[in-house]
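Numbers here simply count residues along the sequence, with the first being 1.
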Amino acid sequence: MEEDFARAVEDGLKLSKRLLLPGGAPPPRPVLGMDRAGLPDVASLLPTAPMAYAVVVDPAAVDSPDVPSYQPHVYGRLDPPALIPLHMREVDLAVDCAAAGCAAAEVTVRARWWVHCITRSRDCHCRIVVPMGEKVTVGKRSYKTHVIDVEDQGAVKTAKTESGGLLKRQFFSLTIPQVGGGEDIFATIRWSQNLLYDNGQFSVDIPFQFPQYVNPLPKVFMKKEKIQLTLNSGVSKEVFLKGSSHPLKERSRQGEKLSFFHEAVVENWSNKDFTFAYSVYSGDLSGGMLVQPSTLRDYDDRDMFCIFLLPGNNQKRKVFRNAAVFIIDTSGSMQGKPLESVKNAMYTALSELVQGDYFNIITFNDELHSFSSCLEQVSEKTIENAKEWVNANFIAEGGTDIMHPLSEAIALLSNSHSALPQIFLVTDGSVEDERNICHTVKEQLATRGSKSPRISTFGLGSYCNHYFLRMLASIGKGHYDAAFDTGSIEGQMVQWFQKASSTVVTNISIDATKYIREFEVDSEYIQDISAKCPLCVSGRYQGKLPETLTAKGYLADMSEISIELRVQHVKDISLDKVLAKQQMDLLTAKAWFYENNQLERKVVKLSIQNSIPSEYTRTVLLQTVVEKIEQGKQKPKKNSTQNEQSATSLNGLTLGFGDTAATRENLSAGFGNTKAPERFEMFDKAVGCCSRLADCCCCMCFINTCSKMNDRCAIVMVQFCGALSCLACFECCSLCCGGSD
């Protein structure tokens, strides 16, 4: 799919050579990467920042809206359409980092694109593609994406057409119909993403690399770049700044909250991603507890909490020795790049085992094959033999059977030689007895007590049941991760293994139940603390907490450790929004496992309240035809006729519960593919829409941009992102302002 998209952009760039821009200058020539065959590199044409494209079906419509080029007429139509990247006139970036327990960043990008490539007498569809999420409006039509309950039958009929979805798992694509040549598109794009953590350092990486060909001529348009960042550390400890990709000046520092700003006139838009890194002083294990009262719109009347435990940067802290059993799916669907990537990740994982560790490898399809009949102690010879065995035995063939290798691994770890027993399961398929597997494993681990094996799971592609894998990891106090495109398998698998194999504290317990009766965590069990990532435990409680709580656990030498958790009642961090995606994933896994309708309803309420797609809701795009309001005229009264509304469905925004049929047929793991659009009719209550842009608080920032604005529109869009937990909303306005400032 990404190759088709890149080919359409390449065709669009060729078409843009017909343009004659203001001042008589030709359009800037794109600088494209080349592959070994001398063809444009696909990666160089994929968006690395929010982008807008004109969808061109009729090449005769391609011309400058202000200065006709009088090019020879072009006959015929383009199928598939070409995509011409639109010139960007404005862009602002705002990042709000909530550190410590939340470890998340809320990102807002405001952009303004000009339809510079379509003559004023024509119009075209415009496609907005965002690497991490989004929201839209146009002319006399207002759009708003709306998350609704699948069981709710309201008052607005949903059309059987699709107007957006995932281009691939990392990119969201939304099409705005019939935007006139020379018009502007304003967009406010919002999403939430996790902060990265490495060796005591937090960092955020925002896609903000714009290609050269979206830069309008500098003599015609002045480009001003604005970036602002706020950081709420959530802890009283000192914050150390480690670096930023763009020059930032500190604006203010008030307690735990820091603010930075950058503004400059630039010749070209940013050609690199925005990165920012910092660390919180913590020589050793530390933590805290953030609490927030429930709100009126909350699905639960109990208060919310988030406990965070930081591993610190104590280099002398011992890591548990591991007794690791790798269970690798080698069914026929793993053929090609997926299995090669898993094989390379296995080589790295084996190389990172140290003296004192034990290991074994099991491959499974219809049959089970083991590297050894028992756990092997790590040595240069055994690791070398294991790599040779992997090279010879990682052959994709046969079906998928998960329970047999899991039982074999648990039996192998009955004697873990005083090391921490670990199971690493990698699969790309879904099987019929997944709930039974979870129940069986839960019973087997319960008999082992605190010495039970940790189970970490890794899903490949879209055909495996990611909620089964998440639930299995939660039962096993392990780590879950996934890869949705072949290029990221190896890197993500290595990081997943490093997190799970770097345990510094096990068997965590919180003494909250000493003070309050109701204390419920979202996950099935509390994970161990890894040296490679902070531990975040969210949940609900009812009652009055003391000023401090205590977390207890066991170190590698089996001595007990106590960590003081200062209880903080937060106001500057919206815990309900920051934790919504994590809570929805965990509750969905529980609802699937226990087949609990009450848990499903909780997910539905969270989904609707936070505008995040879920397995039990649908996302639809509502369109409202608004009356045109001339300047100087009053807006319609509240009792005027309601605007006509229609809606279309947006598909491919959720993972589903696996595809057992595709697994039985050994189909490729669905990398880079979204599920086929589901055609359905749905009803929903009208979502009120104001008649003037000024009446919509989320669009107030557009008022001073163009005094000629006389139409309004608004869309809210949310994208679900596999490895990173993402929330996005997107607003666009197409203005008939003659293409002028």
Subject >> Student check: side-chain heavy atoms of Leu587 and Leu606 closer than 4.5 Å >> reply: yes
**OP:** For Phe364 and Asp401, work out which heavy atoms get closest and say how close.
**Re:** CD1-O, 3.0 Å
**OP:** Indicate yes or no for a side-chain donor-acceptor contact from Asn360 to the backbone of Val325 under 3.5 Å, with no hydrogens or angles considered.
**Re:** no
Subject >> Pair Lys577-Ser192, side chain to side chain contact (heavy atoms under 4.5 Å, CB included): steps then yes or no >> reply: CA-CA 9 Å; Lys577 293 183 178 179; Ser192 176; over 6 Å; no
Original post:
Please walk me through it: do Phe657 and Tyr467 pass ring pair (Phe, Tyr, Trp, His ring centres under 6.0 Å)?
Top reply: CA-CA 7 Å; Phe657 295 100; Tyr467 297 105; 5.1 Å; yes
Original post:
Should Tyr480 and Trp496 be marked as a ring pair (Phe, Tyr, Trp, His ring centres under 6.0 Å) after you check the CA-CA gap, both sets of side-chain angles, and the distance that decides it?
Top reply: CA-CA 8 Å; Tyr480 158 80; Trp496 164 73; 9.4 Å; no
Original post:
Taking the side chain from Gln193 and the backbone from Asp205, do they hold a donor-acceptor pair closer than 3.5 Å?
Top reply: yes
Subject >> Presence of salt bridge, Asp528 and Arg454, under 4.0 angstrom >> reply: yes
Subject >> Residue pair Ile362 / Ile328, side-chain heavy-atom distance below 4.5 Å >> reply: no
**OP:** Could you tell me whether Arg190 and Glu106 make a salt bridge, using a distance below 4.0 angstrom between a side-chain N and a carboxylate O?
**Re:** no
Original post:
Regarding Ser372 and Glu376, is there a side-chain donor-to-acceptor distance under 3.5 Å anywhere?
Top reply: yes
**OP:** Among Phe371, Phe359, Phe497, find the one that has a ring-ring contact (aromatic ring centres under 6.0 Å, His included) with Phe326.
**Re:** Phe497
Original post:
Would you say the side chains of Glu397 and Ser331 form a donor-acceptor pair under 3.5 Å?
Top reply: no
Subject >> Ile437 versus Ile402, closest heavy-atom pair with distance >> reply: CD1-CB, 4.0 Å
Original post:
Ser351 and Lys387: side-chain donor and acceptor closer than 3.5 Å?
Top reply: yes
Subject >> Electrostatic pair Glu595-Lys590, nearest N-O below 4.0 angstrom >> reply: no
**OP:** Could you go through the side chain to side chain contact (heavy atoms under 4.5 Å, CB included) check for Val504 and Ser530 one step at a time?
**Re:** CA-CA 6 Å; Val504 291; Ser530 169; over 6 Å; no
Original post:
Salt bridge check: are Lys337 and Glu340 linked by an N-O gap of less than 4.0 Å?
Top reply: no
Original post:
Hey, are Glu524 and Lys442 close enough for a salt bridge, meaning a charged N less than 4.0 Å from a carboxylate O?
Top reply: yes
**OP:** Verify whether one side chain among Ser430 and Glu434 offers a donor that lies under 3.5 Å from an acceptor in the other.
**Re:** yes
Original post:
What residues, two or more places apart in sequence or in another chain, satisfy salt bridge (Lys or Arg N to Asp or Glu O under 4.0 Å) together with Arg540?
Top reply: Asp298
**OP:** Please determine, by modelled atom types, if Ser614 and Thr617 share a side-chain donor-acceptor pair under 3.5 angstrom.
**Re:** yes
